[in-house]
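As structure tokens, the structure follows; a few thoughts come after it.
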Amino acid sequence: MQNLKFSITDTAKAIEPAAVNDMLAEAREALHTVESGTGAGSDYTGWVSLPSQITQEQIDAINAAAAQLQNHCEIVVTVGIGGSYLGAKAVIEALADTFAPYRTDTGRTKILFAGQNIGQDYLFELSRLLRDKKFGIIVISKSGTTTEPAIAFRILRDQLEQQVGKEEAAKRIVAVTDPSHGALRTMAEKEGYTTFDIPGNVGGRFSVLTPVGLLPIAVAGYDIKALVDGARAMEQITASTEYATNPSLEYAATRNALYRAGKKIEILVNFNPKLHYFGEWWKQLYGESEGKDGKGIFPASVDFSTDLHSMGQWIQDGERTIFETVISVENPNHEMFIPTDDENLDGLNYIAGRPVDHVNKMAEIGTRIAHVDGNVPNLRITIPALQEEYLGQLIYFFEKACGISGYLLGVNPFNQPGVEGYKRNMFALLGKPGYEDKTAEIKAKI
């Protein structure tokens, strides 16, 4: 197995290499805090050693449940929000045939998502699609009472029971939830659903390598053992205390050196459209982990070259408070060459016969040079291909760096107190029991 590579070569105009090296002692201390579980939020650092603790027996159990759903369902709807869906969505989208939803010959069970919004039209259209389909549900929630997924699950469960009966529906529902407590655990035991545990010491945004992410990925037909093996390899690599051998340590230190130099916004860049949802997962991971106590790098993401024709102007010439982290994929999974045209009206014969990916790579290099020349520092992550083992490496690389970076910022990387604000207001406006005393106060602000 090859390994992920990381480079800070294109940051020299913004920070001296010495600025990163000066942070070594501080970064090593943050790494030790993550590894030892002695910092703020340490009750939620179970993800640190998770890859090496996943057993073949656990993988086999997940694959068996996935096979059961595949055998009975054309479509499986994964119900969850935030970390309960973004990790699985990121991996599946990176590995999937982009146009599989429009094909009937893939032989794969299709994975759809619900509970990540409260869109009435979205749920209506999903429900309409499922009316004449054999479908099942993976419902993911520690509590079972988070509003968005709870609404979606109630609607879809009711529809499934009406279409196939309660007994058959129970065979097509898998609950991923708290090992012993909560509304979903109670319901699952009462109805006889297959269940998997969400480890109590792993927060949602770090949960993609638990059944939260592994089960939907397995149902979609991908190799979860290879995904875990990649993460396990990166777990070992990122235990090192040396920059030269620990890419997560170097990434965390560099982005914090840039932050202290006035670079307040990080843009995650990809040149492969299959990585769009990886950017969405990354935004939650870093935004929810670091944005607190009046601190934190603002995480944004773009898909190049698409967004070079929309956001490119701002990135090139806008306020110089940004830096970019570029994910580069060395090898595409397929070949396609640009044909020759005798008339050459579009003027493309100068690249005829070359792979499309060669043009994409030149666009990537040209963009990085232009942006660095425009005083946008660039960090670069390279993975060999969009394959399970390398995505596993990338996931763990970012998770470990996130923990280190949060402690370098001086925040608790594993809580999310700000997320509760909108919920309290929404519950008061909806008249949820226990929030009546807040209703008048909230309505007065409308």
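By convention here, the first residue in the shown sequence is residue 1. Not measured: the values here are computed from a predicted model.
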inquiry  = So, using side chain to side chain contact (heavy atoms under 4.5 Å, CB included) as the criterion, who are the partners of Asp373 when residues are at least two apart?
reply    = Lys13, Ile369

inquiry  = According to side-chain hydrogen bond (donor to acceptor under 3.5 Å, both in side chains), who are the partners of Glu235, at least two apart in sequence or on a separate chain?
reply    = Ser52

request  = With rounding to the nearest 0.5 Å, note down the distance linking CD1 in Ile315 to CD1 in Ile322.
outcome  = 5.5 Å

request  = Scan for ring pair (Phe, Tyr, Trp, His ring centres under 6.0 Å) pairs involving residues 75-101, sequence neighbours excluded, and state none if there are none.
outcome  = Tyr85-Phe113

query = Taking only residues two or more places apart in sequence or in another chain, which ones pass side chain to side chain contact (heavy atoms under 4.5 Å, CB included) with Ala14?
reply = Leu258, Lys263, Pro377

task = Would you tell me whether Thr9 and Arg380 have side-chain atoms, one donor and one acceptor, within less than 3.5 Å of each other?
result = no

Under 3.5 Å donor-acceptor, Thr325 side chain and Leu268 backbone = no

message = Test side chain to side chain donor-acceptor pair (under 3.5 Å) on Thr238 and Lys400; report intermediate values, then the result.
response = CA-CA 7 Å; Thr238 58; Lys400 178 64 76 67; 3.1 Å; yes

remark   = Contacts of Phe135 meeting ring pair (Phe, Tyr, Trp, His ring centres under 6.0 Å) (sequence neighbours excluded), chain-then-number -> none

remark   = Interatomic distance, CG@Asp229 vs CD1@Ile59, rounded to 0.5 Å, equals 7.0 Å

key: Qualifying residues under side chain to side chain contact (heavy atoms under 4.5 Å, CB included), relative to Gln284, sequence neighbours excluded   = Leu86, Arg205, Glu288

request  = For Glu242 and Ser240, test the side chains for any donor-to-acceptor distance below 3.5 angstrom and give the result as yes or no.
outcome  = no

key: Heavy-atom donor-acceptor pair, Tyr396 side chain to Val48 backbone, under 3.5 Å   = yes

task = Mind checking side chain to side chain contact (heavy atoms under 4.5 Å, CB included) for Thr210 and listing every partner two or more places apart, or none if nothing turns up?
result = Leu50, Pro199, Val202, Ser207, Val212

ask   = Hey, does the side chain of Gln393 reach the backbone of Leu4 with a donor-acceptor pair shorter than 3.5 angstrom?
value = yes

task = Flag the pair Lys264 and Glu319 as a salt bridge only when some basic side-chain nitrogen lies within less than 4.0 angstrom of an acidic carboxylate oxygen.
result = no

task = Just jot down the side-chain hydrogen bond (donor to acceptor under 3.5 Å, both in side chains) partners of Thr306, sequence neighbours excluded, or say none.
result = none

request  = Work out which heavy atom in Pro247 is nearest to a heavy atom in Met234; give both atom names and the distance.
outcome  = CG-SD, 4.1 Å

inquiry  = Holding to side-chain hydrogen bond (donor to acceptor under 3.5 Å, both in side chains), I want the full list of residues that pass it with Ser405, two or more places apart in sequence or in another chain.
reply    = Arg255, Asn256, Glu290

query = Which residue pairs pass the ring pair (Phe, Tyr, Trp, His ring centres under 6.0 Å) test with at least one member in residues 217-257, sequence neighbours excluded?
reply = Phe6-Tyr251, Tyr251-Phe397, Tyr251-Phe398

inquiry  = Filter on ring pair (Phe, Tyr, Trp, His ring centres under 6.0 Å), then keep only pairs touching residues 308-350, sequence neighbours left out; what's left?
reply    = none

request  = Taking the six-membered ring for Trp and the single ring otherwise, decide whether the centroids of Phe427 and Tyr435 are under 6.0 Å apart.
outcome  = yes

request  = For Glu148, enumerate each residue passing the side-chain hydrogen bond (donor to acceptor under 3.5 Å, both in side chains) test, keeping only those at least two apart in sequence or located in another chain.
outcome  = Tyr422

message = Taking CD in Glu330 as the centre, count heavy atoms belonging to other residues, nucleotides or ligands within less than 6.0 Å. Is the count above 12?
response = yes

